[in-house]
Amino acid sequence: MSFLQVIEKIGEELKRSTKELGYEQIEPEVSEPTVKVHGDISSRVCFDISKISKENPVAIAEKISSRIKLDFSEVEAKNGYINFKFNDKYIFDVIEEIRKKGHQYGIPAIENKNKKIIIEHTNSNPNKPIHMGILRNTILGDTLARVFRYVGYETIVLNYIDDSGAQVSDNILAITELGYLKEPIGERYDYYSGRIYAEVHEKIENDLQLRKKKYEIIKKIENGKNEVAQLARQFSERVVMDQLRTCWRVGAFFDLLNWESDIVKSGLLNVVLKELNEKGKLYVPKEGKNEKCTVLKLSDQEEFKNLEEPDEVLIRSDGTITYVGKDIAYAFWKISKPPIDFKYRPFVTQPNGKTLWTTDEEKGEPKTLNVNNADLAITLVDTRQEYPQKVVKTALTFITDKAKYAYRPFLYGIVAISGETAYKISGKKEYVSNKIVHMSGRKGLVVNAEDMLNELAKVARMESRKRNPNIREDLLESISNEIAVAAVRYFMLKTDLNNIIVFDIDEALRLNGDSGPRLQYTYARAYSIIEKAGKYDRGSINQKLIKKEIERELIKEISKFSFYVKETIKDLEPKYLARYAKNLADKFNLFYESCPILTEKEEIRNNRLIILESFLVVFEKVLDLLGIPVLQEM
RNA sequence: GGGCCCGUAGCCUAGUAUGGAUAAGGCGUCGGCUUUCUAAGCCGAAGACCGUGGGUUCAAAUCCCUCCGGGCCCGCCA
């Protein structure tokens with residue numbers, strides 16, 4: 001039994017009894033009451049009914065509740081509410097089912113699981129290390145992927161590499177014209193690339209000659225089959241390798257890298273343009289601002305018509321393709337089976353053992369990877385891209401109705417840094433008074449993910465050593481790194497998607513309170529009890545031996561796992577699971593404080609060990625979905 | 001000009017979808033709890049006119065409108 005099943009049953013019961021009483025049929029509202037005294041579940045359905053029938057809700061509640069009989073719950077009418085308090089049968093059934101299902105316990109019953117899901121995340125420009133802003137994208141996307149996979153969907157994770165834009169070309173120019181080395185010395189490739197860009201960008205922008213050359217490079221990258229393109233690809237691949245290392249460090253893995261330059265070379269855009277043209281959505285102005293460009297017509301669309309210039313350029317007058325143009329082609333590929341596909345080759349074997357593939361129009365081979373034609377394609381982008389994503393989606397709906405439900409931009413707020421932190425990393429006093437400062441690679445106002453993780457690991461290491469003076473050095477190393485990962489992942493996941501994260505280094509270095517490390521710590525404490533317990537009688541749980549209410553509360557909380565998994569999928573809200581992990585840890589910590597186990601006499605000891613064991617099974621899986629490494633000691 | 005997001009204690013946040021029964025955590029401050037399973041924990045105290053004004057309702061942090069403050073987007077950039 002689980003919370004999810006139970007609320008469904010309660011809903012059905014309420015429906016049945018309202019029907020029997022002849023009331024108007026409304027979908028009964030069922031939710032958790034704000035305070036415990038009102039039970040585990042309560043319904044306000046009587047208030048809704050009374051709006052229609054004009055009868056006193058208190059009287060309705062009496063009538064309805066007297067007709068409800070449930071073997072797992074007491075029913076009570078109070079102040080017009082109908083409250084349900086789960087009994088010990090529920091407690092017993094929950095434990096039994098967890099013991100039967102193990103890690104599968106949190107998988108909700110969802111009707112159609114034969115769907116293919118694409119999740120595209122990270123999407124960093126291949127010219128710099130991954131910073132905290134991109135990491136929010138990576139962590140959100142990875143968690144969604146973990147949850148979809150857990151539930152049973154075929155889930156494919158893509159990483160879009162924007163290698164044909166202006167940023168990569170700056171770096172190539174630095175190497176070919178400005179005397180920068182192809183190989184960095186004593187520096188990671190992604191860091192080297194980021195540094196070059198910061199040093200060189202301004203110079204190029206202010207120099208007409210260089211700027212001209214830059215646009216030649218962009219064209220060459222898009223055309224391919226030349227030395228500059230080869231150099232750019234080589235360079236970008238090295239950077240991407242380093243970026244991937246950072247992703248792997250936080251537990252995120254991919255199935256395919258989609259290179260923007262390959263999208264251009266593949267000719268996919270022509271397919272899309274043909275479709276759009278047939279629908280009469282394209283035109284080429286003979287004069288005016290967009291002279292000789294291929295333009296997407298949006299001015300007749302309701303959501304765009306109030307804009308000054310709603311129409312969108314897809315192909316520039318010089319023949320190059322805009323970002324939105326490329327993205328429409330790519331998005332179309334994701335949700336359909338176009339006549340043109342990419343060429344592929346294996347890129348690298350990841351630490352999880354899985355091959356990461358890459359598109360490569362020059363060195364790859366035609367191959368059926370089955371990584372597109374998704375029923376749902378989720379693209380993680382920060383809110384600044386809301387508008388272009390709307391354009392992409394609208395363009396797709398011109399071609400296929402499927403786009404309406406199958407193409408789903410997933411928006412989240414950016415990560416900025418606090419004034420204090422900006423001062424700290426740049427040394428410039430003027431930032432201190434700012435509430436938020438936007439990250440900028442060019443201004444050196446960036447908190448890189450690797451640096452942050454290293455700092456966190458350092459703090460964790462000191463803490464860990466304090467507690468375990470004799471710990472092996474390599475173990476300490478891995479534990480402190482995993483604590484750092486937990487801290488960052490939880491921090492990113494618990495915050496509402498609409499909120500901007502104002503990142504403050506000092507605040508982020510905290511490992512207590514409402515944090516990822518506290519969740520790990522909770523697990524480690526629980527685990528150490530099981531380990532010390534040795535063999536014990538694993539017979540059934542005995543409800544009569546439950547002495548404290550918190551034992552029941554802990555079990556009830558455990559039983560909510562599948563409910564939150566389902567909600568997370570339904571609303572695409574990773575924070576639901578993060579909050580659940582916290583609530584579950586809270587309950588366990590209370591249990592831990594007031595229910596000694598190893599020192600109790602055998603009956604109670606066994607009973608509590610059974611509860612503990614169920615907690616560990618579920619909590620381990622919850623942490624896994626959040627990508628928080630589980631630690632048996634820390 | 002058009003569109004989107006945020007405003008809850010000194011600070012950071014949850015709660016807003018589906019209005020209801022005592023606004024929930026964390027940091028910080030103050031005070032407790034280790035002869036007992038890891039104190040990265042737990043308990044307690046102080047701290048909130050839920051940005052403003054109005055409206056809808058038996059009932060508003062939550063819905064509608066006004067205003068104020070902050071952020072973002074609307075390019076032949078990506």
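Throughout, a chain's letter reflects where its sequence line sits, starting with A, and its residues are numbered from 1. Side chains included, hydrogens not; waters and symmetry mates left out as well; all remaining heavy atoms used.
Looking at Glu8(A) and Lys566(A), a side-chain N of the basic residue comes within less than 4.0 Å of a carboxylate O on the acidic one, giving a salt bridge. A salt bridge does not link Asp514(A) to Arg518(A): none of the charged side-chain nitrogens sits closer than 4.0 Å to a carboxylate oxygen.
Closest to the side chain of Arg579(A), out of rA78(B), rU13(B), rC76(B), is rU13(B). Closest to the side chain of Arg510(A), from the set rG75(B), rC42(B), rC27(B), is rC27(B).
In this structure, the side chain of Asp327(A) does not engage the main chain of Gln389(A) through any donor-acceptor pair within 3.5 Å. The main-chain N or O of Glu260(A) is found under 3.5 Å from a side-chain atom of Asp163(A) such that the two form a donor-acceptor pair. For the pair Lys424(A) (side chain) and Asp506(A) (backbone), a donor-acceptor distance under 3.5 Å is absent.
Between the P atoms of rU8(B) and rC49(B), the separation comes to 11 Å (whole Å). On the P atoms, rU66(B) is 14 Å away from rC5(B), given to the nearest whole Å. The gap from the C1' atom of rA39(B) to that of rC58(B) amounts to 49 Å, rounded to the nearest Å. When the C1' atom is compared between rA78(B) and rC74(B), the two are found 15 Å apart, to the nearest whole Å. Straight-line distance between the C1' atoms of rA48(B) and rG26(B): roughly 16 Å, to the nearest whole Å. For rC65(B) and rA17(B), the P atoms lie 15 Å apart once the distance is rounded to whole Å. When the C1' atom is compared between rU29(B) and rA46(B), the two are found 9 Å apart, to the nearest whole Å. Across rG25(B) and rG15(B), the matching C1' atoms stand 11 Å from one another, rounded to whole Å.
Residue Val324(A) is classed as having no contact, given no heavy-atom separation below 4.0 Å to the nucleic acid. Within the nucleic acid shown, Gln520(A) has no heavy atom closer than 4.0 Å to any nucleic acid atom. Among the protein residues, Tyr592(A) comes within range of the nucleic acid bases, having at least one heavy atom under 4.0 Å from a base atom. Among the heavy atoms of the strands lying under 4.0 Å from Ser464(A) is at least one base atom, whether or not backbone atoms are also near. When heavy atoms are screened at a 4.0 angstrom cut-off, Thr599(A) is found touching the sugar-phosphate backbone but no base atom. Residue Arg384(A) is classed as a sugar-phosphate contact, given heavy-atom separations below 4.0 Å to backbone atoms only. Contact annotation for Ile500(A): backbone-only contact, meaning every heavy-atom pair under 4.0 Å involves sugar-phosphate atoms and none involves a base. Within 4.0 Å (heavy atoms only), Gln632(A) reaches at least one base atom of the nucleic acid. Lys292(A) comes within contact range of no nucleotide atom at all, as no heavy-atom separation falls under 4.0 Å. Among the atoms of the strands shown, base atoms are found under 4.0 Å from some heavy atom of Tyr81(A). Counting any heavy atom pair closer than 4.0 Å across all strands shown, Cys595(A) reaches a base atom. Among the protein residues, Gln167(A) comes within range of no part of the nucleic acid, since none of its heavy atoms lies under 4.0 Å from any strand. At a threshold of 4.0 angstrom between heavy atoms, the contacts of Lys575(A) are confined to the sugar-phosphate backbone, with no base atom among them. Asp496(A) comes within 4.0 angstrom of sugar-phosphate atoms only, judged by non-hydrogen atoms across all strands, and of no base.
At the phosphate of rG41(B), neither OP1 nor OP2 sits under 4.0 Å from any side-chain N or O atom of Asn589(A). Here Arg605(A) does not reach the OP1 or OP2 of rU36(B): none of its side-chain N or O atoms lies under 4.0 Å away. Side-chain nitrogen and oxygen atoms of Asn512(A) include at least one within less than 4.0 Å of the OP1 or OP2 phosphate oxygen of rC27(B). The phosphate of rA21(B) has neither OP1 nor OP2 within less than 4.0 Å of any side-chain N or O from Asn79(A). The phosphate of rC37(B) (OP1 or OP2) has no side-chain N or O of Arg608(A) nearer than 4.0 angstrom. OP1 and OP2 of rA21(B) both lie 4.0 Å or more from every side-chain N or O belonging to Lys78(A). Using a 4.0 Å cut-off, some side-chain N or O of His438(A) falls inside it from OP1 or OP2 of rC72(B). For Tyr387(A) and rG75(B), the shortest distance from a side-chain N or O to OP1 or OP2 is not below 4.0 Å. Contact annotation: Asn499(A) side-chain N/O to rA14(B) OP1/OP2 distance is under 4.0 Å. OP1 and OP2 of rC58(B) both lie 4.0 Å or more from every side-chain N or O belonging to Arg44(A).
With RNA chain B read from its 5' end, the first of the two nearest nucleotides for Lys494(A) and Asn125(A) is the one closest to Lys494(A). Along RNA chain B, the nucleotide nearest to Pro596(A) and the one nearest to Cys293(A) differ in position, and the one closer to the 5' end is contacted by Pro596(A).
The base of rC72(B) is not paired with the side chain of Thr383(A) by any donor and acceptor separated by under 3.5 Å. Ser42(A) contributes a side-chain N or O that forms a donor-acceptor pair with the base of rA21(B) under 3.5 Å. For Asn83(A) against rA21(B), a side-chain-to-base donor-acceptor contact under 3.5 Å is present.
Taking atom CD on Glu29(A) and atom P on rG19(B), their separation rounds to 8 Å, with Å as the unit. Straight-line distance from the CD atom of Glu222(A) to the C1' atom of rC77(B): 13 Å, rounded to whole Å. The CD atom of Glu593(A) sits 12 Å away from the C1' atom of rU36(B) (whole-angstrom rounding). As a whole-Å value, the separation of Asp382(A) CG from rC6(B) C1' is 15 Å. For Asn498(A) and rC73(B), the CG to C1' distance is 15 Å, given to the nearest whole Å. Whole-Å rounding puts the Leu497(A) CG to rU13(B) C1' distance at 14 Å. Rounded to an integer number of Å, the gap from NZ of Lys435(A) to P of rU13(B) is 8 Å.
A donor-acceptor contact closer than 3.5 angstrom links the side chains of Tyr283(A) and Asp311(A).
Syn is the classification of rU34(B), since its glycosidic angle stays within 90° of 0.
Here the shortest heavy-atom pairing between Ile217(A) and Ser169(A) reads CG2-CB, 3.8 Å. Among all heavy-atom pairs drawn from Pro574(A) and Leu140(A), the shortest one is CG-CD2, 3.9 Å. Nearest approach of Ala581(A) to Phe619(A), heavy atoms of both residues: O-CE1, 3.7 Å.
Between Tyr160(A) and Tyr330(A), the ring centre distance stays below 6.0 Å.
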